[in-house]
Every structure is written in C-alpha cells, then in structure tokens.
Amino acid sequence: MIDENIEENLFSMLDEETDSEIGSLVRATITRLLYASCPLCPSRWLAIFHNLVLATSTRSNSAENNVSSVNENSNGASERGANLYYGDDDEDMIAGSKGERIQGSVSASSVDTKREKHLRYRTRVFAAECLSCLPTAVGNDPAHFDVSLARSQRAKGRGSSGDWLVLHLQELVSLSYQISTGQFEGMQPIGVRLLSIIMDKFGRTSDPELPGHLLLEQYQAQLVSAVRSSISTSSGPLLLEAGLQLATKILTSSIVSGDRVALNRMFSLISRPLNDIKDLYYPSFAEWVACKIKVRLLAAHASIKCYVYQFLREQKGIPDEYLQLIPLFSTSSNILGEYWISILKDYSYMCFGLHPKFSYKPFLDGIQSLLVSSKVQECLHEAWPLILQATALDAIPMKFELDKSSKHDEVSPRTPFISGHSMVRLKLSEFQFLWGLSLLVLFQGQQLVSGNQGKMLLVHDEKKHSGDSMPQGVHYLSSFEIALLVFQSLSKEVFFSQEFLSLDLCKELLQVLISVDYTSASCNGLVIYLLSQIVKFCPDNYFRMDDFTTAATELYFKCLMVTFQSDNAILQDHSHSNELLSELCNAAEMIVYRLNHKNRWNLIMALISISRQWFRLASTNLLLSKAISFLQKLVPFMKRCFTGLS
C-alpha cells in the first residue's frame with residue numbers, strides 16, 4: 001500500500017464523497033496510512049499536505065509550469081524544485097530549505113496534477129489536522145529530531161532513504177505559520193497548535209551550525225508573529241487558547257533568550273487579558289471554552305514565574321530579560337494570587353466531588369457540570385502543579401509588612417524572599433488551604449489508591465507533560481517534589497512570626513515525612529532543607545513539646561540514613577553530596593542548641609555513635625568518602641558543643 005502512493009487519490013475520494021459513513025472510513029484509512037508510511041517518507045506527506053491545505057487550482061498550475069521549466073534546464077532540479085513548488089513565502093515567512101536534497105520525495109507536479117479545482121473546506125481542515133499529527137507519526141527514531149544524527153545516518157546510507165523530518169523543519173514551520181495566519185479562521189488554531197507540537201518535538205534540539213544555541217532559535221520571528229496574531233482582541237476563543245499555549249512554551253524556553261523586546265512584547269500580550277478574565281464569556285460557545293482559556297492564561301503566568309524562580313533556586317545567572325519580569329509579577333501578584341487560588345479550589349471541588357455546606361461560587365463557570373468538568377479536566381491536570389508552586393513562591397501573610405529600612409527594589413540580607421520581592425499575600429484560610437492541598441499531594445503522590453476519584457489531582461506525571469518546552473537539563477518535578485517545594489515556601493520565618501504555622505501543622509508534616517517512603521536524592525535533599533528551615537524558624541516553645549522534638553530528631557536521622565545509603569547518580573556528584581552533609585550538620589547544630597539538656601546529650605551521643613558505625617561498615621569508596629566528609633564537618637561542631645556545655 002505504501003509503495004502504491006495512493007494518498008492523493010484517497011484525499012480526492014474524500015473530497016467528493018457525500019456518504020458520511022464512507023467518508024469516515026476514508027479518513028480512518030488515510031490516518032492509518034499516515035502513521036504507517038510517515039517514518040519512511042515524511043517529506044512526501046509534507047508535500048501532499050502543503051498542496052491540499054494551501055494550494056488553489058491557479059497556484060497549482062503555475063507551480064507545475066515552474067517545476068517543469070526547471071527540470072528541463074537543470075539536472076539539480078530536486079532542490080530548486082522544492083523551493084518553487086512551495087511557492088513564494090509571504091511577509092515574515094521562511095524560504096524553502098536549501099542544501100538538503102530530498103531523496104524519494106514526491107514531486108510538485110505529481111501532486112498538483114491530482115487537483116485542478118478548489119478543495120472543499122472540510123477536506124482542507126482534515127488535511128491540516130493530519131499535518132498536525134506528522135511530528136508524532138514519524139515515530140521515535142531520534143534521527144527525525146536531531147540534525148547531526150540525521151546527516152550522519154544519511155551519509156552512511158542508513159535508514160530508509162535518508163528522509164528525516166528534521167531536515168525539512170523549515171518547510172514544516174513555514175507551512176504551520178501559513179496556516180496559523182491564513183485566510184481560513186477555522187484552520188488558524190490548528191496551525192498554532194502545530195507550532196506548539198513543533199516546540200515540543202524540536203524545542204531542545206541543538207543547532208550544529210551554532211554550538212550552544214537551539215535549532216528553533218532561527219524561527220523566532222515566525223513563532224512570535226504567530227503568537228501576536230493569535231492573542232488579540234479579535235481572536236476567537238479556540239485561537240486564543242492555542243496562542244496562550246504557544247506563548248507559554250516560547251517564554252519558558254531559550255528561544256527568546258537575549259531578546260528583551262520580544263520577551264516584553266509576548267509578556268505584555270498574555271498580561272493584557274488578565275483584567276477581563278473574571279467576566280470572560282463567549283455566548284456562541286459552550287461554557288467549557290471560556291473555562292479552558294482562563295486556565296491556559298493563568299497557567300501561562302504560573303509557568304513563567306516558576307521558570308524564573310528555577311534560575312534563582314539553582315543560583316544560576318538569571319538572564320537580564322527575565323530578571324525584569326520579577327517586579328511585574330510582584331505588581332500583579334494580588335490579582336494573580338486570587339485567581340490561582342480560585343483555580344486550585346475549583347480543581348479540588350471537581351476532583352474530590354466536594355459539596356461544601358456554605359454557598360460556593362466557582363471561578364470556572366459551570367465546573368459543577370459533569371460535561372464542563374470533563375472537558376476542562378485534562379487542561380487543569382496539566383496546570384495545577386505550576387499554579388500551586390507559583391502561588392506559594394515568595395508568598396507572605398496578608399498583613400505582613402517589610403522593614404521600611406530595606407529598599408524594596410534591592411535584595412537585602414534581611415529580605416525573606418528568594419527574588420527580593422514579595423508576591424502573593426495570603427489570608428489565613430488561603431494558607432491553610434494550600435497547606436492542606438500540599439499535604440494531600442505529599443500523601444498520595446507516593447501511592448495511588450485504586451479507583452480513587454482524586455488520584456488525577458494528587459499525582460503529576462512529569463513524563464507525560466515533559467513535552468513542555470524547557471531548556472536542556474531541566475529536572476521535571478514529581479508530585480512529591482512539588483509538595484516539598486510548596487512547604488518550603490510556606491515554612492518561611494514570616495509565617496511563623498505571624499502565627500500562620502502552628503505547632504500541630506509542623507508536627508503533622510514531620511510525621512508524614514517520616515512515614516512516606518522516598519529514596520531519590522532530589523527528594524531527600526528537599527526534605528533536608530525543609531527540616532532545616534523548620535527547626536531554624538519555629539518558636540522556642542515548640543522544642544518544649546516532646547512530640548515535636550521526637551518527630552524532628554527522628555526525621556533528621558532518617559535523612560542522614562538516606563543520604564549515606566543512597567547510591568543515586570546525583571549523590572555521586574561529590575559537591576552535591578558535600579552540600580547535603582553540610583546542611584545536615586547545620587540542622588544538627590540548630591536542633592542541639594534548642595533542645596533541653598537531657599535530649600541535647602542524647603542527640604550528640606547518637607551522632608557520634610552512628611558516625612563511627614558508618615565509618616567502620618563503609619563497603620565502597622563512595623560510602624567511605626561520605627562518612628569521612630560528615631566526620632570532618634561534625635568535629636568542629638562537637639568542639640563548639642563541648643566548649644559551650646562545659
């Protein structure tokens with residue numbers, strides 16, 4: 001079937017078919033054939049879709065004549081013919097690819113002669129939908145997504161015919177852009193969504209011609225232009241939703257890195273609709289359409305905030321163009337915080353089927369309806385981890401005021417914020433909601449209960465959503481890690497000083513962390529920093545309670561055990577291992593000085609005993625180096641302890 005090249009005939013049949021049942025069978029056949037043959041000849045399908053989606057009868061005849069003329073005058077017509085049959089690009093478009101010879105691809109004339117009349121609109125739409133499947137239909141062969149590997153495979157004569165999708169990326173981006181800005185409004189969202197799929201598939205592909213840069217950086221103008229045309233006051237809801245998705249992927253990638261103007265323009269585009277989001281309504285569309293746009297818009301802001309804070313958390317040099325966004329987030333934090341919390345409450349309501357006794361007015365209109373919730377469910381499931389993190393990052397109690405002696409626009413040692421700016425202001429009830437929700441995520445992020453209605457809320461599949469365009473090397477977070485990061489943000493000194501964080505909440509959290517099973521180095525590191533933060537900032541009277549001191553010391557020794565016994569690749573990084581051991585020593589010192597006399601000596605003797613045991617039983621060089629490193633950090637602390645206690 002693949003060798004027969006019947007694709008054009010099937011589309012012709014579909015275009016002329018009036019029987020709906022037969023039409024469905026033809027569409028299913030085309031889709032099956034696409035997935036079967038696309039890994040072998042993506043350029044052929046790309047040529048077919050180009051002519052089906054964009055070409056008219058006049059344009060087809062002109063392209064055919066041009067290609068025929070070229071074939072008569074040159075033996076190297078394959079490359080120039082490809083440029084001609086794609087036609088002249090419009091303004092801001094990408095020219096056809098040069099220098100990448102397409103072997104075994106369909107010629108323009110063989111496609112164009114099949115069509116001598118205008119296609120029906122429905123046929124064009126179906127062809128565009130098939131085109132959007134092309135980056136997935138080529139399969140998982142890495143050569144389809146890596147330029148260097150594709151060229152190497154073709155030079156060695158490996159693969160089918162050396163026809164790899166990445167070698168035709170220019171044509172794919174150009175065609176997607178033309179659809180997204182074309183005359184058919186119903187097809188524009190398909191083009192924008194295809195650009196988002198291209199971001200997913202090629203967003204982390206390196207450019208072999210420019211080391212240290214991404215392949216998609218050369219298409220920045222087209223991507224930004226597509227966002228600009230889709231996020232406007234005249235855009236329909238489907239186009240607006242697709243544009244928000246694409247904007248999120250671009251803004252959380254390095255594609256606009258270094259371009260302050262492009263970044264400002266895109267951030268301004270997604271900020272403009274915030275003022276009208278609460279009353280967003282499309283009378284000609286179903287309720288869930290407006291709901292999805294609200295979620296996409298708020299998720300876009302949450303994604304960018306989390307992206308910026310990741311630089312700050314990892315103490316990497318944050319690009320200047322992103323640094324300028326921090327004050328903007330601080331300014332809009334009140335309205336964003338209100339909407340983010342409302343989204344999380346609606347999602348909790350939907351997932352758990354809650355029926356509160358008080359009057360509940362959802363932020364997402366119609367979310368109580370099974371139809372609306374089913375349509376918005378997937379969108380919310382992708383957005384909640386980012387929204388939960390963004391809400392908690394640099395949050396402060398509602399009535400908390402900074403020391404006026406410190407400048408607001410400078411990071412002061414006294415400033416309790418990662419960014420140097422305060423963000424969302426939380427009421428006590430909102431703080432308790434975020435804390436309780438994070439506790440649920442922490443619990444069931446470890447183990448799903450079969451048939452639990454709330455399981456989709458509590459477990460974030462980072463692999464499923466790892467297509468979101470992020471820079472290379474980004475670590476996608478699990479549910480457990482997300483919850484721990486939120487607890488770190490909510491356990492700052494300001495929440496203790498304002499009596500938001502009670503003794504019972506701290507005890508409960510410590511007991512949960514003792515009971516859950518985690519072995520990964522990243523999770524253990526987050527638990528260590530969270531424990532260190534709690535024992536540092538909690539009031540002195542907490543350490544007078546036996547339940548709290550017991551839970552804190554038990555969790556401390558659990559972290560110590562996991563750190564020593566872990567053979568994880570992350571911990572094999574000597575600097576990271578030393579960093580965790582240093583933090584454990586700091587935590588031990590804080591606990592020791594805050595315990596009463598009896599418990600203080602018990603903890604010191606336990607530390608000496610366990611250090612000696614690990615040093616004696618170390619069976620590998622890695623374990624031995626950890627034991628020595630911990631002892632080196634422990635000895636100065638012990639000297640201070642004995643000096644102070646004597």
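For the numbers below, each heavy atom of this structure counts, side chains included, while hydrogens, waters and symmetry mates do not. Along the sequence shown, residues are numbered consecutively beginning with 1.
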**Q** Could you label the plane-to-plane angle of the F11 and F126 rings as parallel, tilted or perpendicular, counting under 30° as parallel and over 60° as perpendicular?
**A**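 Taking F126 first and then F11, their aromatic rings sit tilted (interplane angle of 30° to 60°).
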
**Q** Between K292 and E382, does at least one N-O distance fall below 4.0 Å, as a salt bridge requires?
**A** no

**Q** Can E321 and R265 be said to form a salt bridge (Lys or Arg N to Asp or Glu O under 4.0 Å), step by step?
**A** CA-CA 12 Å; E321 60 272 16; R265 184 179 300 165; over 6 Å; no

**Q** Could you grab the distance from atom CG of L34 to atom CG of L10, nearest 0.5 Å is fine?
**A** 12.0 Å

**Q** Nearest 0.5 Å, please: how far is NE2 in H381 from SG in C351?
**A** 8.5 Å

**Q** Verify, without hydrogens or angle tests, whether E217 (side chain) and L214 (backbone) share a donor-acceptor contact under 3.5 angstrom.
**A** yes

**Q** Ring pair (Phe, Tyr, Trp, His ring centres under 6.0 Å) between Y177 and Y219: does it pass, once the steps are laid out?
**A** CA-CA 10 Å; Y177 177 80; Y219 309 116; over 10 Å; no

**Q** Return yes if a side-chain donor-acceptor contact under 3.5 Å exists between S271 and S268, otherwise no.
**A** no

**Q** State whether E16 and R120 are salt-bridged, where the test is any N-O pair (Lys NZ or Arg NE/NH1/NH2 against Asp/Glu carboxylate O) under 4.0 Å.
**A** no

**Q** With a 4.5 Å limit on heavy-atom distance, are the side chains of W288 and S373 in contact?
**A**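 Side chain of W288 against side chain of S373, heavy atoms only: no contact under 4.5 Å found.
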
**Q** Report the residue from Q178, Q170, E171 that forms a side chain to side chain donor-acceptor pair (under 3.5 Å) with S174.
**A**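 Result: among Q178, Q170, E171, Q178 is the only option passing the side chain to side chain donor-acceptor pair (under 3.5 Å) with S174.
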
**Q** Step by step, work out the side-chain contact (heavy atoms from CB on, under 4.5 Å) result for L388 and W340.
**A** CA-CA 8 Å; L388 180 59; W340 281 337; over 6 Å; no

**Q** For Y339, does the six-membered ring have the charged nitrogen or CZ of K278 within the cation-pi criterion, i.e. under 6.0 angstrom from the centroid and within 45° of the normal?
**A**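 Relative to the ring axis of Y339, which defines the angle, K278 lies outside at least one limit.
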
**Q** Strictly below 4.0 Å, N to O, side chains only: are E8 and R44 in salt-bridge contact?
**A**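 Result for this pair is yes, salt bridge flagged.
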
**Q** ring-ring contact (aromatic ring centres under 6.0 Å, His included) with F267: which of Y307, Y322, F329?
**A**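 Of the listed residues Y307, Y322, F329, the ring-ring contact (aromatic ring centres under 6.0 Å, His included) partner of F267 is F329.
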
**Q** Give the intermediate values and the outcome of side-chain contact (heavy atoms from CB on, under 4.5 Å) for residues L195 and V227.
**A** CA-CA 10 Å; L195 289 172; V227 171; over 6 Å; no

